[in-house]
2 protein chains.
Amino acid sequence: MDRKLTQRGEERRKQLMAYATARFAQNGFHPTSVAEITEGLGVGKGVFYWYFDSKEELLRAILADAQLDLRRRQRAAVSGAASPSDGIEAGLRASMAWSIEHPDYFRLFQFAATDDRFNQGLRKGEQVAVNDAAKVLAAAMEAGEIPDGDATLLSHALLGVNTHLVQQVHRGVLAPSDDLIDAAVSFCLHGLLGRPAPA
Amino acid sequence: MDRKLTQRGEERRKQLMAYATARFAQNGFHPTSVAEITEGLGVGKGVFYWYFDSKEELLRAILADAQLDLRRRQRAAVSGAASPSDGIEAGLRASMAWSIEHPDYFRLFQFAATDDRFNQGLRKGEQVAVNDAAKVLAAAMEAGEIPDGDATLLSHALLGVNTHLVQQVHRGVLAPSDDLIDAAVSFCLHGLLGRPAPA
DNA sequence: TCCCGCGGACGAAACAGTCCGTTCACATCG
DNA sequence: CGATGTGAACGGACTGTTTCGTCCGCGGGA
């Protein structure tokens, strides 16, 4: 959908996306019908199809928005780092903080990863983030801050720790304390460091 | 559903579960209809509802089966380990190997984690596995093999690395080589070790 | 007066799940 | 050994509901 929108229209579009985000996150994408969204907002179905071609396109738009926001946050964090390893830590902390602050988006990402229709678009963005991380890791290896290794693989390992721990936070299994983030960062950095001083 | 099954019935039930596993993994749970399953198998709808109360119950049965199989493999691996840290490594390797060998089950787990209806049952089992791992970690801490820390949190960190890397393997981003598993194990063990020898 | 934004009835399709008659495997008995 | 019985297993039409997406007329602000 590609329509010329007035201020009012822009707001309506955002309202639809915000409400749908909440419903999708709580109920699931498939079980949530378009009617449920429009009725929840007290509007007619015409409104929905004025702004979006389909439910699928709506989710895609939501995911793209969320991804953009996350990437912005990551980039900002990494750009202000002194050394590569500082960059790794800053990126890690920024990612975890963002994911903890946006449970609905996080959940939508998780779902989208299981559905090829959405995964495709998502992976492209994830690849960019992973490549960024891998570049920082490669720089850190170059600088001798960490031992050599497969930078892509290690980036994914970091992402995995990050993601899974945040998931537990949202499930209430772990508390979203600073200690948790510190522990995660410590685990990751030492994982990267390998054996710093072979005894 | 709780029916007395003959040999023939037992086989039919397994056939339904196997076919549904493949369809759910490829197409997604919601987009796959009961009719699609029965037609794919060339049987009537009566057959489906003879063995399962609903599509939901079918998935639950599949997940329970898969989880049982995974747990068996983990337990077998850990039980044959000499020391706690050996147990950690063995469990890690067993989990990754199983997950790589069973892409469909893995994918179904991923989906189930995003849907509260299935997540509930799944988490119970995951908790058991995590608790097992945490116990091994606690033992390793006791034995001075690794520094003290939150065993539950660390178990989840391990699980996160494991899960995310396997996901990349199934996506074709990473190759399922021994090197990959070795690198993952190394990352995890060093993450656990923290700083073994402060330089 | 445009036309963006909107309401909601509507069509067509798909869906989960039911129902009931039929068939198959095997046991029991005359 | 053939007739009869029994219950598991099955086929597939059918029901009632829900779904997505369209259509078309209305209104109010620029």
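Distance A:Phe52 CZ to D:dG21 C1': 15 Å, rounded to the nearest Å. Atom CG of B:Leu41 is separated from atom C1' of D:dC10 by 13 Å (rounded to the nearest Å). One atom, CZ of A:Arg3, and another, P of C:dC3, lie 14 Å apart when rounded to the nearest Å. One interatomic measurement links the two molecules: CZ of B:Phe48 to P of D:dA9, which rounds to 16 Å at whole-angstrom precision. Computed from coordinates, the B:Ile37 CD1 to D:dG12 P distance equals 18 Å when rounded to whole Å. Taking atom OH of A:Tyr49 as the reference point, atom P of C:dC10 lies 18 Å away to the nearest angstrom. Summarising the geometry, the separation between CH2 on A:Trp50 and P on D:dC20 is reported as 21 Å, rounded to the nearest angstrom. Between B:Met1 atom CE and C:dG17 atom C1' there is a gap of 11 Å when expressed in whole angstrom units.
Comparing B:Glu56 and B:Arg8 along DNA chain C, the residue whose closest nucleotide (by nearest heavy atom) sits nearer the 5' end is B:Glu56.
Contacts of A:Tyr51 classified as ring-ring contact (aromatic ring centres under 6.0 Å, His included), with partners at least two apart in sequence or in another chain: none.
Remark: B:Arg71 does not engage B:Glu126 in a salt bridge, criterion side-chain N to carboxylate O under 4.0 Å.
The side chain of A:Tyr51 lies closest to C:dG5 when the candidates are D:dG11, C:dG5, D:dA8. Here the nucleotide nearest the side chain of A:Leu5, chosen from D:dT22, D:dA8, C:dG5, is C:dG5. In the set C:dG5, D:dC10, C:dA16, the nucleotide with an atom closest to the side chain of B:Lys55 is C:dA16.
With hydrogens and angles ignored, the 3.5 Å screen pairs a side-chain donor or acceptor of B:Ser99 with a backbone N or O of B:Ser95. A donor-acceptor distance shorter than 3.5 angstrom exists from the side chain of B:Glu57 to the backbone of B:Asp53, with no hydrogens or angles considered.
For a distance-only test at 3.5 Å, the side chain of A:Lys45 qualifies as a donor-acceptor partner of the base of D:dG21.
Note that CZ of B:Phe118 and CG of B:Leu59 are 4.5 Å apart. Values are rounded to the nearest 0.5 Å. A distance of 12.5 Å separates OH in A:Tyr19 from CG in A:Leu58, rounded to the nearest 0.5 Å. Remark: B:Phe106 CZ to A:Thr114 OG1 distance equals 11.5 Å, nearest 0.5 Å.
Residue B:Gly46 is classed as a base contact, given a heavy-atom separation below 4.0 Å to a base. Heavy atoms of A:Ser54 sit under 4.0 angstrom from primed sugar atoms or phosphate atoms, though from no base atom.
Within the 4.0 Å cut-off from OP1 or OP2 of D:dG12, not a single side-chain nitrogen or oxygen of B:Thr38 is found.
DNA chain C is contacted by no residue of residues 23-35 of chain A, taking any non-hydrogen atom closer than 4.0 Å.
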